[in-house]
Asker: 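Sharing a structure here in structure tokens format.
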Amino acid sequence: MSVYYVYQGETFDEERSGGYVWSPKLTKNGKKNAGYTMMTNVKKGDFILHNSNGKIMAVSIAKADCKDGKQPKELADANTTISWDNDGYRIDTEYYDMDVPLQVTNHKQWLADHYKEGSAFTVKGTGKQQYMCSIDDEQAVYLLENAIKLQSDENTIKMLKAALSDIVDEKESEYDQLEKDEIDSLVDSSSGDKPEWPGKKEKQAMTKSQSTGREKPKRDPKVAADALAHAEYKCEFDESDRVFLRKNGKGYTEPHHLIPISKYRDFKYSVDAMENIVSLCSHCHNLLHYGRLEDKKTVLQKLYNERIAALRNVGLDLTFEQLLNYYK
């Protein structure tokens, strides 16, 4: 899942009523435009924050991947200061309105202090002069948290919290508590045999978010438990790292997707493969989630070097630079 930020301005009402976001493919001068090209990156299940005249008016979930689409009649007929070519991109999306829009300029200083290259805001905390933008997860979470504080309608609050929960869940790519409990139960009841890597290329299994109903990648606790057993319950970065013993005498380590499961769209085959799940002590696991990039790099380099052949065997091929970029 990705999060996007669109500056709709004059056309918000028409696009909101029609349940879509639309842009031309090219400028009136026949040139490519970064904001228009960005439309093609939006996939089914992605979130979009909708800005109109400096306020976030709504959040939506893309109902399908971006597709080619002619300019809707209501946009062509709208009383706007801009005219576009008819050949364009369209994203059908489910809008969820805020009963109190968020005035983004009130958060200009925070956005400046937390500037992210490639996101929807400039180094000064102002909005980019671009139609569709990607937005950094931290910025999206911050804006949604502040939008929730303004709302009074219970259904609006519920939807925004659900969107926030989904974004945070995929950002952290952690197992939820029910999954952790099942992994622990499987480890406790395991026979002690060392499972081998299956070496199978499989399609990514999907499930639905209980919060928003959008599709998301499924994590199989059995695969995670087998990965821990394959590593003999030792930390795969440093086997000498101290781990405490579970009640059944096995070392306590934690499963971690080396390629984050949130990046499943970058690969043809499932990233929830045993070959992609490493066994780590609590220290190393938390380092990869919350540590500095320079400290993560050493851990990632060793894990990458030891796993890349197995990853390629199940259709997961990437460079170390690509993996490192996932952890920035």
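The analysis underlying the following values was restricted to heavy atoms, covering all of them including side chains, and did not include hydrogens, waters or symmetry mates. This chain uses plain numbering: 1 for the first residue, then up along the sequence.
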Asker: Donor-acceptor check, side chain of Gln151 to backbone of Asp99, threshold 3.5 angstrom: yes or no?
Answerer: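 Flag set: sc Gln151 to bb Asp99 pair under 3.5 Å.
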
Asker: Flag the pair Asp65 / Val42 as yes when at least one side-chain heavy-atom distance between them is below 4.5 Å, and no otherwise.
Answerer: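 Side chain of Asp65 against side chain of Val42, heavy atoms only: no contact under 4.5 Å found.
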
Asker: Do Phe12 and Val6 come within less than 4.5 Å of each other through their side chains, counting heavy atoms only?
Answerer: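 When only atoms from C-beta onward are counted, Val6 and Phe12 do not touch, as no gap falls below 4.5 Å.
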
Asker: Can you check side chain to side chain contact (heavy atoms under 4.5 Å, CB included) on Tyr327 and Lys297, steps first, answer last?
Answerer: CA-CA 9 Å; Tyr327 286 82; Lys297 188 173 182 179; over 6 Å; no

Asker: Does the side chain of Ser60 reach to within under 4.5 Å of the side chain of Phe47, using non-hydrogen atoms?
Answerer: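 They are not in contact (no side-chain heavy atoms under 4.5 Å apart), so the answer is no.
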
Asker: Heavy-atom count around Glu154 CD within 6.0 Å, excluding the residue itself: above 12?
Answerer: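 Result for CD/Glu154: open.
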
Asker: Using 0.5 Å steps for rounding, measure from the NE2 atom of His114 to the CD atom of Gln109.
Answerer: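 The distance works out to 10.5 Å.
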
Asker: Quick one, His289 and His256 - any side-chain contact, counting heavy atoms below 4.5 Å?
Answerer: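 Yes, side chains in contact.
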
Asker: Between Tyr326 and His257, is the gap from one ring center to the other below 6.0 Å?
Answerer: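 Not close enough - the centres of the two rings lie 6.0 Å or further apart.
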
Asker: Is His285 reaching over with its side chain to a backbone N or O of Leu280, donor-acceptor style, under 3.5 angstrom?
Answerer: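 Side chain of His285 to backbone of Leu280: no pair is present.
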
Asker: Does the Asn29 side chain pair with the main chain of Lys31, one donor and one acceptor, at a distance under 3.5 Å?
Answerer: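 Here the side-chain-to-backbone pair does not exist.
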
Asker: Over all heavy atoms of both residues, which pair between Ile91 and Ala62 is shortest? Give the atoms and the distance, please.
Answerer: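 Taking every non-hydrogen atom into account, CG2-CB, 4.0 Å.
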
Asker: May I ask you to decide whether Arg307 forms a salt bridge with Glu275, counting only side-chain N to carboxylate O separations under 4.0 Å?
Answerer: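 Not counted as a salt bridge, because no side-chain N and carboxylate O are separated by less than 4.0 Å.
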
Asker: Check whether more than 12 heavy atoms from other residues, nucleotides or ligands sit under 6.0 Å from atom NZ of Lys108, and answer yes or no.
Answerer: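 At most 12 heavy atoms, drawn from other residues, nucleotides or ligands, come within 6.0 Å of this atom.
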
Asker: Once rounded to the nearest 0.5 Å, what's the spacing between atom CZ of Arg242 and atom SG of Cys235?
Answerer: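 The CZ atom of Arg242 sits 14.5 Å away from the SG atom of Cys235.
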
Asker: Measuring from Glu138:CD to Lys116:NZ, what's the distance to the nearest 0.5 Å?
Answerer: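 If we round to the nearest 0.5 Å, Glu138:CD and Lys116:NZ are 4.5 Å apart.
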
Asker: When you measure from the side chain of Trp22 to the backbone N and O of Gly69, does any donor-acceptor pair fall under 3.5 Å?
Answerer: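 Yes, Trp22 side chain to Gly69 backbone: donor-acceptor pair under 3.5 Å.
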
Asker: So, are Lys25 and Asp68 salt-bridged, with charged N and O less than 4.0 Å apart?
Answerer: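 Salt bridge flag = yes for Asp68 with Lys25.
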
Asker: Is the closest side-chain heavy-atom distance between Leu300 and Leu258 below 4.5 Å?
Answerer: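 With C-beta onward as the side chain, the pair touches.
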
Asker: Going by side-chain contact (heavy atoms from CB on, under 4.5 Å), name the residues that satisfy it together with Glu202, two or more places apart in sequence or in a different chain.
Answerer: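 Only Lys200 meet the side-chain contact (heavy atoms from CB on, under 4.5 Å) criterion with Glu202.
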
Asker: Start with the C-alpha distance between Val59 and His50, add both sets of side-chain angles, then the distance that settles side chain to side chain contact (heavy atoms under 4.5 Å, CB included), and finish with yes or no.
Answerer: CA-CA 6 Å; Val59 175; His50 298 261; 5.7 Å; no

Asker: Do Ser279 and Glu254 have side-chain atoms, one donor and one acceptor, less than 3.5 Å apart?
Answerer: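 There is no such pair between these side chains.
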
Asker: Going by distance alone, is a donor N or O of one side chain under 3.5 Å from an acceptor N or O of the other, for Asp272 and Ser270?
Answerer: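 Result is no, nothing qualifies.
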
Asker: For Leu178, is there any backbone N or O sitting under 3.5 Å from a side-chain donor or acceptor partner on Glu182?
Answerer: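 Judged by distance alone, no pair lies under 3.5 Å.
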
Asker: I would like to know whether Asn325 and Glu321 meet side-chain hydrogen bond (donor to acceptor under 3.5 Å, both in side chains); could you show each step before the answer?
Answerer: CA-CA 6 Å; Asn325 189 57; Glu321 288 70 27; over 6 Å; no

Asker: Could you grab the distance from atom CG of Leu324 to atom CG of Leu293, nearest 0.5 Å is fine?
Answerer: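 The distance works out to 5.0 Å.
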
Asker: In this structure, which one of Lys63, Lys67, Lys44 forms a side-chain hydrogen bond (donor to acceptor under 3.5 Å, both in side chains) with Asp92?
Answerer: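 The side-chain hydrogen bond (donor to acceptor under 3.5 Å, both in side chains) with Asp92 is passed solely by Lys67 among Lys63, Lys67, Lys44.
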
Asker: I'd like to know whether the aromatic ring centres of Tyr142 and His107 sit less than 6.0 Å apart in this structure.
Answerer: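 Centroid distance Tyr142-His107: below 6.0 Å, so yes.
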
Asker: For Asp46 and Asn41, work out which heavy atoms get closest and say how close.
Answerer: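 Nearest heavy atoms, Asp46 then Asn41: OD2-O, 4.0 Å.
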
Asker: Does the Ser134 side chain pair with the main chain of Tyr4, one donor and one acceptor, at a distance under 3.5 Å?
Answerer: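 No.
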
Asker: Can you tell me which residue pairs pass the salt bridge (Lys or Arg N to Asp or Glu O under 4.0 Å) test with a partner in residues 309-319, sequence neighbours excluded?
Answerer: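 Pairs touching residues 309-319 that pass the test: Arg312-Asp317.
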
Asker: Can you hop from Ile135 to Tyr115 via hydrophobic side chains spaced under 4.5 Å?
Answerer: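 Ile135 and Tyr115: separate clusters.
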
Asker: What I'd like to find out is whether the side chain of Val187 reaches to under 4.5 Å of the side chain of Tyr233, using heavy atoms alone.
Answerer: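 With C-beta onward as the side chain, the pair touches.
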
Asker: Look only at the side chain of Thr122 and the backbone of Lys124, and say whether a donor-acceptor pair between them is shorter than 3.5 Å.
Answerer: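 Yes: the side chain of Thr122 pairs with the backbone of Lys124.
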
Asker: Report the C-alpha distance between Lys216 and Ser262 in whole Å, list the side-chain angles of each, state the deciding distance to 0.1 Å, and finish with yes or no for side-chain hydrogen bond (donor to acceptor under 3.5 Å, both in side chains).
Answerer: CA-CA 9 Å; Lys216 63 177 185 178; Ser262 60; over 6 Å; no

Asker: May I ask you to check if Arg246 and Tyr252 form a cation-pi contact, with NZ or CZ under 6.0 angstrom from the six-membered ring centre and within 45° of the axis?
Answerer: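 No.
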
Asker: Between Arg16 and Asp13, does at least one N-O distance fall below 4.0 Å, as a salt bridge requires?
Answerer: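 No, no charged N to carboxylate O under 4.0 Å.
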
Asker: Less than 4.0 angstrom from a charged side-chain N to a carboxylate O is my criterion; do Lys234 and Asp241 meet it?
Answerer: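 Between Asp241 and Lys234 there is no salt bridge, as every charged N stays at least 4.0 Å from the carboxylate O atoms.
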
Asker: Tell me, with the steps shown, if Asp97 and Thr156 meet side-chain hydrogen bond (donor to acceptor under 3.5 Å, both in side chains).
Answerer: CA-CA 7 Å; Asp97 297 325; Thr156 301; over 6 Å; no

Asker: Please list, chain by chain and in numerical order, all residues satisfying ring pair (Phe, Tyr, Trp, His ring centres under 6.0 Å) with Tyr36, sequence neighbours excluded.
Answerer: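 With sequence neighbours excluded, Tyr36 shows a ring pair (Phe, Tyr, Trp, His ring centres under 6.0 Å) to no residue whatsoever.
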
Asker: Can the ring centroids of Tyr131 and Tyr7 be said to lie less than 6.0 angstrom from one another?
Answerer: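 No, the ring of Tyr131 stays outside the 6.0 Å limit from the ring of Tyr7, centre to centre.
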
Asker: Counting only heavy atoms from other residues, nucleotides and ligands, does the tally under 6.0 Å from CD of Glu239 exceed 12?
Answerer: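 No, not enclosed.
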
Asker: Gln8 versus Asn51: any side-chain heavy-atom pair under 4.5 Å?
Answerer: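 No, every pair of side-chain atoms sits at 4.5 Å or beyond.
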
Asker: Would one find more than 12 heavy atoms of other residues, nucleotides or ligands at under 6.0 Å from atom CD of Gln129?
Answerer: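 No, CD of Gln129 has 12 or fewer neighbouring heavy atoms, counting only those of other groups under 6.0 Å.
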
Asker: Looking at every heavy atom in both Asn313 and Gly199, which two are closest together, and how far apart are they?
Answerer: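 Nearest pair, atom of Asn313 first, then Gly199: ND2-CA, 3.7 Å.
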
Asker: Is there a donor-acceptor contact under 3.5 Å from the side chain of Thr37 to the main chain of Asn33?
Answerer: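 Flag set: sc Thr37 to bb Asn33 pair under 3.5 Å.
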
Asker: Looking at every heavy atom in both Gln103 and Gly54, which two are closest together, and how far apart are they?
Answerer: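 What the structure gives for the nearest pair is NE2-O, 3.4 Å.
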
Asker: Working note: Arg292 + Asp295, criterion salt bridge (Lys or Arg N to Asp or Glu O under 4.0 Å); need CA distance, chi angles, decisive distance, verdict.
Answerer: CA-CA 5 Å; Arg292 301 180 305 172; Asp295 296 327; 2.9 Å; yes

Asker: If we check salt bridge (Lys or Arg N to Asp or Glu O under 4.0 Å) with Glu179, which of these qualifies: Lys222, Lys218, Arg219?
Answerer: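 The passing option is Arg219.
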
Asker: Report yes if the side chains of Ile61 and Tyr96 come closer than 4.5 Å at any heavy-atom pair, otherwise no.
Answerer: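 Yes, their side chains come closer than 4.5 Å.
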
Asker: Between Glu145 and Lys149, does any NZ, NE, NH1 or NH2 come within less than 4.0 Å of an OD or OE carboxylate oxygen?
Answerer: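 No salt bridge links Lys149 with Glu145.
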
Asker: Should we count NZ of Lys296 as having more than 12 external heavy atoms under 6.0 Å?
Answerer: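 More than 12 within 6.0 Å, yes.
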
